[in-house]
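What you are looking at is a predicted structure, and each value in this text was computed from that prediction instead of being measured. As the structure lists them, so they are numbered: ligands from 1, and atoms in each ligand from 1.
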Amino acid sequence: MSAQLSQLLNIKYPIIQAPMFLVSNTAMVIEAMKGGIAGCIPALNYRTLPELKAAIHELKAAKVAGGSFGFNLIVNKSNIKYKEQLRVLCEEGCDFIITSLGSPEETIIQSHKVGIKVFCDVTDLKFAQKVEALGADAIIAVNNEAGGHRGDISPKTLIELLKKHCSIPVISAGGVGTKEDFDAMLGYGADGVSIGSPFIASTEAGVTDDYKHACVDYGAKDIVMTQRISGTPCTVINTPYVQKIGTKESWLESVLNKNKTLKKWVKMVRFSIGMKATEKAAKEATYKTVWVAGPSIEHTKEILPVKKVIQNLTT
Ligand SMILES: Cc1cc2nc3c(=O)[nH]c(=O)nc-3n(C[C@H](O)[C@H](O)[C@H](O)COP(=O)(O)O)c2cc1C
């Protein structure tokens, strides 16, 4: 099996274990590398820069041939740590950075100086062409089946559209829960895939057993979009708590959002409140569960080690 992503990152299978806020950790990425794929962690999973540095050192020490590791940076204003995180990644080194939610220009400039590849989350052609012009090494094509902040376009349409109009590799993100799904994405022309949700119920994931069991017990039909976490629509498991609080932004937020100046601030405040709510649900077993996941949990039938999840996706 050889798709462009394998050559780009020197990995056995063209798969990235996708960055997941509060879920991804070094244990998962180390197993990903051993399994012949790449692994990625959101830099925001580390509260402090020394913690981020320690994670990079751990991954460098554990790196094996056929595997590769990277970090995800939220590059818009909501991430006040962005510049410092970028500096640490460039100083300490990693194989690649995935940018999301903003312009990747600064990240591309700084990363390329030290040989780090930059892949950019996009959901449409316009933004894909923008990041290609800025010098991105690949596009992460986030489709309408992805977990988290998903796009609006189906996997097939998005891959075909981007392959037709862009010349850098296209990595498809969203909706891969089985080897058949993986093969289908490559069949549509993808140069690799980025897979998140199927790794939530892994032994190594840094979340509660309740969250992992929810990924086993619930399926594609239980995934809903909510604006209540970060303001940006996000996919979550439709637990009784989510049903109780609803999925729409509040009346006050919607009024404030109509004002251009206030909108920016509402977004920042909502983002920070949302991060805390998600963190609480991910780390504590309370009835207030806001668990982010995508429809590909449909195929999650038990809690398995990362190694086995990779085997199920590739053989
Ligand atoms: C629990 C969860 C958290 C996520 N957190 C992030 C994140 O912090 N940054 C990011 O760029 N994408 C994030 N994503 C999106 C993933 O990186 C990836 O695009 C998505 O999981 C692909 O869809 P899939 O879940 O169907 O595999 C998250 C997805 C999930 C399910």
State whether a side-chain donor-acceptor pair under 3.5 Å links [X] with [Y].
| X | Y | value |
| --- | --- | --- |
| Asn76 | Ser78 | yes |
| Gln17 | Ser24 | no |
| Tyr218 | Thr239 | no |
| Asp121 | Thr99 | no |

*asked:* With a heavy-atom distance limit of 4.0 Å, tell me whether Thr235 approaches ligand 1 through its side chain, its backbone, both, or neither.
replied: neither

*Just heavy atoms, cut-off under 4.0 Å: does Val292 contact ligand 1 by side chain, backbone, both, or neither?*
both

Numbering the atoms of ligand 1 from 1, which are under 4.0 Å from a heavy atom of [X]?
| X | result |
| --- | --- |
| Glu145 | 26 (O) |
| Asp121 | 11 (O) |
| Phe21 | 3 (C), 4 (C), 5 (N), 6 (C), 7 (C), 8 (O) |
| Tyr211 | 1 (C) |
| Ala173 | 19 (O) |
| Ile195 | 27 (O) |

[atom]: which of [options] has the nearest heavy atom?
| atom | options | answer |
| --- | --- | --- |
| atom 11 (O) of ligand 1 | Ser296, Gly177, Ser100 | Ser100 |
| atom 25 (O) of ligand 1 | Ala18, Ala43, Gly175, Ser197 | Ser197 |
| atom 24 (P) of ligand 1 | Gly151, Pro42, Gly294, Gly147 | Gly147 |

In the protein, what heavy atom is nearest to [atom], and what distance, to one decimal place, separates them?
| atom | value |
| --- | --- |
| atom 30 (C) of ligand 1 | Met20 CG, 3.6 Å |
| atom 27 (O) of ligand 1 | Gly196 N, 2.7 Å |
| atom 22 (C) of ligand 1 | Gly174 N, 3.6 Å |
| atom 12 (N) of ligand 1 | Pro19 O, 3.6 Å |
| atom 9 (N) of ligand 1 | Asn72 OD1, 2.7 Å |

_Pair Gln129-His165, side chain to side chain donor-acceptor pair (under 3.5 Å): steps then yes or no_ = CA-CA 8 Å; Gln129 286 175 323; His165 297 283; 4.7 Å; no

_Given Leu313, which partner from the list Ile310, Thr315, Val309 fulfils the side-chain contact (heavy atoms from CB on, under 4.5 Å) test?_
Val309

*With the threshold set at 4.0 Å, does a side-chain nitrogen-carboxylate oxygen contact exist between Glu160 and Lys156?*
yes

*Inspect the contact between Arg47 and Glu51 and indicate whether a charged nitrogen and a carboxylate oxygen are less than 4.0 angstrom apart.*
no

*After noting the C-alpha distance and the side-chain angles of Asp137 and His112, does the key distance pass the side chain to side chain donor-acceptor pair (under 3.5 Å) rule?*
CA-CA 10 Å; Asp137 297 283; His112 281 179; 2.7 Å; yes

*Under 3.5 Å between some N or O of ligand 1 and some N or O of Ile98?*
no

*Output, in order, the C-alpha distance, side-chain angles, deciding distance and verdict of side chain to side chain donor-acceptor pair (under 3.5 Å) for Glu145 and Ser154.*
CA-CA 7 Å; Glu145 292 182 19; Ser154 76; over 6 Å; no

*Decide if atom CG of Asp217 counts as having more than 12 heavy atoms of other residues, nucleotides or ligands within a radius under 6.0 Å.*
yes

